[in-house]
2 protein chains.
Amino acid sequence: MRHDDLADVNCSVARTWAVVGERWTMLVLRELFRGRRRFEVIQDQLGLGRSVLTDRLRTLVEHGVVVREPYQDSPRRHEYRLTPKGEDLYPLLVAMIRWGDRWSTDGDPPVVLEHRGCGHEVDLRLACPACDRDLGRRDVTAVFAPDAW
Amino acid sequence: MRHDDLADVNCSVARTWAVVGERWTMLVLRELFRGRRRFEVIQDQLGLGRSVLTDRLRTLVEHGVVVREPYQDSPRRHEYRLTPKGEDLYPLLVAMIRWGDRWSTDGDPPVVLEHRGCGHEVDLRLACPACDRDLGRRDVTAVFAPDAW
DNA sequence: CAGTATCCTCGAGGATACTG
DNA sequence: CAGTATCCTCGAGGATACTG
């Protein structure tokens, strides 16, 4: 199965993977969440190939996760910003950061996500909006559609 | 940068990516979370190459995410199960499923995660354990270590 | 600065046959 | 059943030069 074919599969994991699963994509998104919006800044920070960055950004724009907008004329310059669909990837990014922080073996975590002001480390929780209760993994059932992969 | 080099970088996103970022890995984990533990079952379900599955499982074992355990003798057979470190990837999987469900354009979502019994769709929330409050993205500050990438 | 174009290499993964 | 071994192809990404 090719990478692009993942988008056509009836599986939420695979479809999300089709958008964010290519190499560098999550790192590019990390930069965008940090507020970095310029091609050159992101390329400098990550050190990936220029043509790769061009491709990743174009893919993100195609999927509606990022918009490319001019911020000056003559010469025309563009910047990249997250759409609401892109902002909604924040929990996914947080899940990755939290897991990496929790299980990386050596020393201090590279980044801590703090509740602004309060200073405590934020948590990611499974909850039921109806019962207004936190849930564990065993409290959750996955209900598959008949044609789900 | 090669895939394996991501593990050595001081970035929680990159380190997590070093474990789960290869193609098929998240799908293999999905199968394990569904309770499928046999090589043949997973290979049949996903249709990936046998040698690829061998490699992905070995990598997961090396990272301590999965254990390989005998479940019968003569002939010796093994099965794969998540360790606590692996179980802790559940929020990441849920984040992917929720995003895919929310933003995939066509028709019914392939899978819905329900609160067992209650039947409502579960939610993934950012919270502060100290204040016991739900947080939005703007309530969170990322504090980077001096040598963070 | 913000890209695009081109070239090159290496590795990823599919297919298949084989083993205990 | 649960893998390993081998072969082959294609694509991913690095490096570099070029453009407006």
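Bear in mind the structure is a predicted one, so any value in this text is a computation, not a measurement. Chain identifiers are assigned alphabetically (A, B, ...) following the order of the sequence lines, protein sequences preceding nucleic acid strands; residue numbering begins at 1 within each chain.
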To the nearest Å, how far apart are [X] [atom1] and [N] [atom2]?
| X | N | atom1 | atom2 | result |
| --- | --- | --- | --- | --- |
| A:Y80 | C:dC1 | OH | C1' | 12 Å |
| A:R36 | C:dC1 | CZ | P | 14 Å |
| A:D44 | C:dA2 | CG | P | 10 Å |
| B:Q72 | D:dA2 | CD | C1' | 11 Å |
| B:D55 | D:dT4 | CG | P | 10 Å |
| A:H78 | C:dG3 | NE2 | P | 7 Å |
| B:D5 | C:dC10 | CG | P | 15 Å |
| A:L53 | C:dA5 | CG | C1' | 16 Å |

Inset, instruction - Runs of at least three consecutive Watson-Crick or G-U pairs, both distances under 3.5 Å, are what I'm after; which ones involve DNA chain D? - result: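 So the stems come out as C:1-20 with D:1-20.
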Legend entry - Any B:L135 side-chain heavy atom under 4.5 Å of A:H115 side chain: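 Side-chain contact under 4.5 Å: yes.
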Legend entry - Lys/Arg-Asp/Glu bridge criterion (N-O < 4.0 Å) met for A:D5, A:R15: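 Answer for the salt bridge query: no.
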Legend entry - A:E121 with A:R98: basic N within carboxylate O range, under 4.0 Å: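 Yes.
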Inset, instruction - Please determine if a side-chain N or O atom of B:R58 lies less than 4.0 Å away from the OP1 or OP2 oxygen of D:dG3. - result: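 So the side chain of B:R58 is outside the cut-off, no N or O lying under 4.0 Å from OP1 or OP2 of D:dG3.
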Inset, instruction - Taking only the side-chain nitrogens and oxygens of A:R38, find out if one of them lies under 4.0 Å from OP1 or OP2 of C:dG3. - result: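 No.
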Inset, instruction - Look up atom OG1 in A:T25 and atom CH2 in A:W17, then write down how far apart they are to the nearest 0.5 Å. - result: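 Going from the OG1 atom of A:T25 to the CH2 atom of A:W17 covers 9.5 Å.
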Legend entry - Between CG on residue B:L6 and CE on residue A:M26, distance to nearest 0.5 Å: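 Output value for this atom pair is 12.5 Å.
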Legend entry - Minimum heavy-atom distance between B:V9 and B:A14, given as atom pair plus value: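 Smallest interatomic distance, heavy atoms only, reads CG1-CB, 3.9 Å.
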Legend entry - Main-chain N/O of A:M96 paired to B:T16 side chain as donor or acceptor, under 3.5 Å: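 Yes, the answer is positive, given that a donor and an acceptor are paired below the 3.5 Å cut-off.
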Legend entry - Backbone of A:R23 reached by a side-chain donor or acceptor of A:R56 within 3.5 Å: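 Flag set: sc A:R56 to bb A:R23 pair under 3.5 Å.
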Legend entry - Donor-acceptor pair between A:R37 and A:Y80 side chains, under 3.5 angstrom: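 Side chains of A:R37 and A:Y80: no pair found under 3.5 Å.
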Inset, instruction - Indicate for each nucleotide in nucleotides 14-20 of chain C, in 5' to 3' sequence, whether protein heavy atoms under 4.0 Å reach the base (B), only the sugar-phosphate (S), or nothing (-). - result: SB----B
Legend entry - Position toward the 5' end of DNA chain D (nearest nucleotide), B:R68 or A:E22: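 Taking each residue's closest nucleotide, the earlier one in sequence belongs to B:R68.
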Inset, instruction - From the options D:dC1, D:dG3, D:dG13, select the nucleotide whose nearest atom is closest to the side chain of A:R56. - result: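 Nearest to the side-chain atoms of A:R56, counting from C-beta on, is D:dG13.
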